[in-house]
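Notes for the one structure printed next.
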Amino acid sequence: MTEKPRKATASTQSMMRIFTVPEAPESTLSKIEHALSEDLAGFLTQSIVALEKPLGEIEKDFQAYDIPMEPTFVSDYTEEMMQNLVAHSVHTAAPSFIGHMTSAMPYFVLPLSKVMVGLNQNLVKIETSKAFTPLERQVLGMMHHLVFGNEASFYDRWMHSADHSLGAFCSGGTIANITALWIARNQLLKADGDFPGVTSAGLMAALRHYGWQDLAILVSERGHYSLGKAADLLGIGRQNIVSIPTDANNKVDVAKMRAEAERLTAAGIRVMAIVGVAGTTETGNIDPLPQLADLAAEFQCHFHVDGAWGGASLMSSKYRYLLDGIERADSVTIDAHKQLYVPMGAGMVLFRDPKLARAIVHHAEYILRRGSKDLGSQTLEGSRPGMAMLVHACLNIIGRHGYEILINNSLEKARFFAGLIKADPDFELISEPELCLLTYRYVPQQVQQALSAAIAANDWKKVNCINGLLNELTQVVQKTQREQGISFVSRTRLQPARYQRQTVTVFRVVLANPLTTEQILKDVLAEEQLLASQQHGLLMKLQAACE
Ligand SMILES: *Cc1c(COP(=O)(O)O)cnc(C)c1O
């Protein structure tokens with residue numbers, strides 16, 4: 001460590017230098033880089049470090065609102081950041097961090113990210129991204145092939161064609177879903193005779209022209225909240241996302257969706273799109289995609305599949321049948337930053353028909369000229385980084401067979417964990433893992449017996465009372481587990497059929513980190529059991545409620 005305080009001064013020269021001269025190898029920056037990569041390796045092998053400092057305390061390190069007048073030495077700045085930022089970051093790559101879709105990354109991603117940032121290509125236009133644009137189109141082509149599996153001639157013809165696109169690369173599933181529904185809207189309300197289309201005339205004029213009262217989007221009640229944002233932005237309105245109930249396995253009830261589509265149509269409301277979820281965020285289940293494709297064909301509407309999280313499972317030849325029907329979608333969302341192990345900021349929406357994106361094409365004079373291959377003319381976002389390079393790297397370095405192993409192991413680990421939960425008399429599995437996501441809760445054996453008896457006796461008031469207390473218990477156990485920092489699971493609220501749709505708080509686990517061992521899973525249950533046993537007050541109340 002160097003002596004402090006030191007004073008740096010601003011000069012043209014020093015400002016020039018920070019863009020040109022790299023720090024000496026023994027600098028703090030390189031030490032930090034070294035420490036970081038060591039730390040990252042540590043994240044992979046060690047458990048989550050305790051987050052001793054509460055959020056309120058950490059906020060105090062980020063209180064200053066004035067931009068410093070004078071510059072700071074890079075070494076001084078980075079040293080401080082190591083203490084305040086890195087040390088208190090969430091160790092998402094830890095193998096016992098199994099609560100979210102963000103997990104470990106391959107080691108090569110870090111140095112490659114540096115290359116990407118260093119080149120600083122802007123994918124909005126060819127003039128700033130010559131080699132990156134074809135690379136991104138290739139990545140979209142590879143993913144398109146994974147989903148739709150067209151012939152070689154299809155890719156030869158369309159992959160690099162200026163007026164076509166096999167998909168759009170974007171920052172994540174949210175933008176991908178918005179893009180898909182934007183296309184669906186523009187496609188439905190397209191130019192027609194004198195009417196210039198919704199893009200020019202706006203939604204109200206478009207509805208008047210086509211004679212519809214309103215538009216609707218049908219999706220399972222487990223649909224992702226990004227669809228709500230899309231409906232809001234597109235002027236369709238959140239309440240016109242019609243939420244369809246799911247069956248006991250969290251899959252959308254297609255009969256109910258058909259009934260709803262008929263009701264809407266009779267009321268003059270045009271069904272604009274049907275969205276199937278391939279891997280719901282909360283339970284990981286997949287909607288019956290072939291039936292949804294049939295329904296979309298029947299109502300002549302756009303069929304979008306949200307596979308932001310689950311789409312990567314297509315890499316597994318063993319389990320890809322679970323997503324059968326996805327190839328009939330008009331558009332498919334897949335996030336590379338979830339199960340493809342790419343860092344955040346890598347979403348994609350793929351189009352079955354390479355002409356589909358014409359519905360949103362935008363041309364401008366200084367860039368995005370007609371006939372140019374500028375990707376910006378067919379994307380919602382403007383300036384974009386070369387994230388596709390990292391997807392390209394992972395697809396090549398890991399390969400189909402590598403992903404097959406990773407995905408199969410995750411799915412099988414989830415099945416193993418479900419088995420542990422079912423074998424333990426003090427836990428209740430709430431949703432079976434279809435992919436590598438499952439939900440469960442801690443319910444002591446006697447309480448489970450009391451619940452079963454109350455259900456058999458149709459005593460729903462008692463069931464509700466017990467579930468209310470269990471919800472409190474699950475919440476406090478999950479919070480304490482997170483604060484202790486040894487392991488992390490997330491929590492959500494579901495309405496299981498078994499409890500007549502009473503709201504139940506559950507632990508939610510996503511098993512994507514390849515370094516999560518079976519022992520860690522056993523330890524997670526043991527830790528939760530221990531934490532629950534310390535909640536004497538709640539356990540007493542539970543006991544009383546069971547009598
Ligand atoms: C994660 C997710 C999204 C949103 O993706 P972001 O990358 O967070 O924007 C959308 N749909 C589903 C099913 C998801 O799991």
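Scope of the values below: all heavy atoms of this structure, side chains included, with no hydrogens, waters or symmetry mates. Whatever order the structure lists them in is the order used to number ligands and atoms, beginning at 1.
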Ala278 near ligand 1 by a heavy-atom separation under 4.0 Å: no

Subset of ligand 1 atoms that lie under 4.0 Å from at least one heavy atom of His337: 7 (O)

Protein contact of atom 11 (N) of ligand 1 - nearest heavy atom, named by residue and atom, plus distance: Asp306 OD2, 2.6 Å

Atom indices of ligand 1 within 4.0 angstrom of Ala308 heavy atoms, with elements: 2 (C), 3 (C), 10 (C), 11 (N), 12 (C), 14 (C)

Ligand 1 to Thr174 polar contact by distance, N or O atoms, under 3.5 Å: yes

Minimum-distance protein heavy atom relative to atom 6 (P) of ligand 1: Gly173 N, 3.3 Å

Aromatic plane relationship, Tyr341 with Tyr403 - under 30° parallel, 30 to 60° tilted, over 60° perpendicular: parallel

Closest protein heavy atom (residue, atom, distance) for atom 15 (O) of ligand 1: Lys338 NZ, 3.0 Å

Heavy-atom nearest neighbour in the protein, as seen from atom 7 (O) of ligand 1, with distance rounded to 0.1 Å: Asp335 OD2, 2.7 Å

Nearest heavy-atom neighbours spanning Leu323 and Gly311: CD2-CA, 4.1 Å

Asn408 and Glu404: side chain donor to acceptor below 3.5 Å: yes

Asn177 and ligand 1 - part of the residue with a heavy-atom distance under 4.0 Å: side chain

Aromatic ring pairing Trp158/Phe154, orientation class (parallel under 30°, perpendicular over 60°, tilted between): perpendicular

Within-shell test, Gly347 vs ligand 1, heavy atom, strictly < 4.0 Å: no

Nearest protein heavy atom with distance in Å, relative to atom 4 (C) of ligand 1: His224 CE1, 3.3 Å

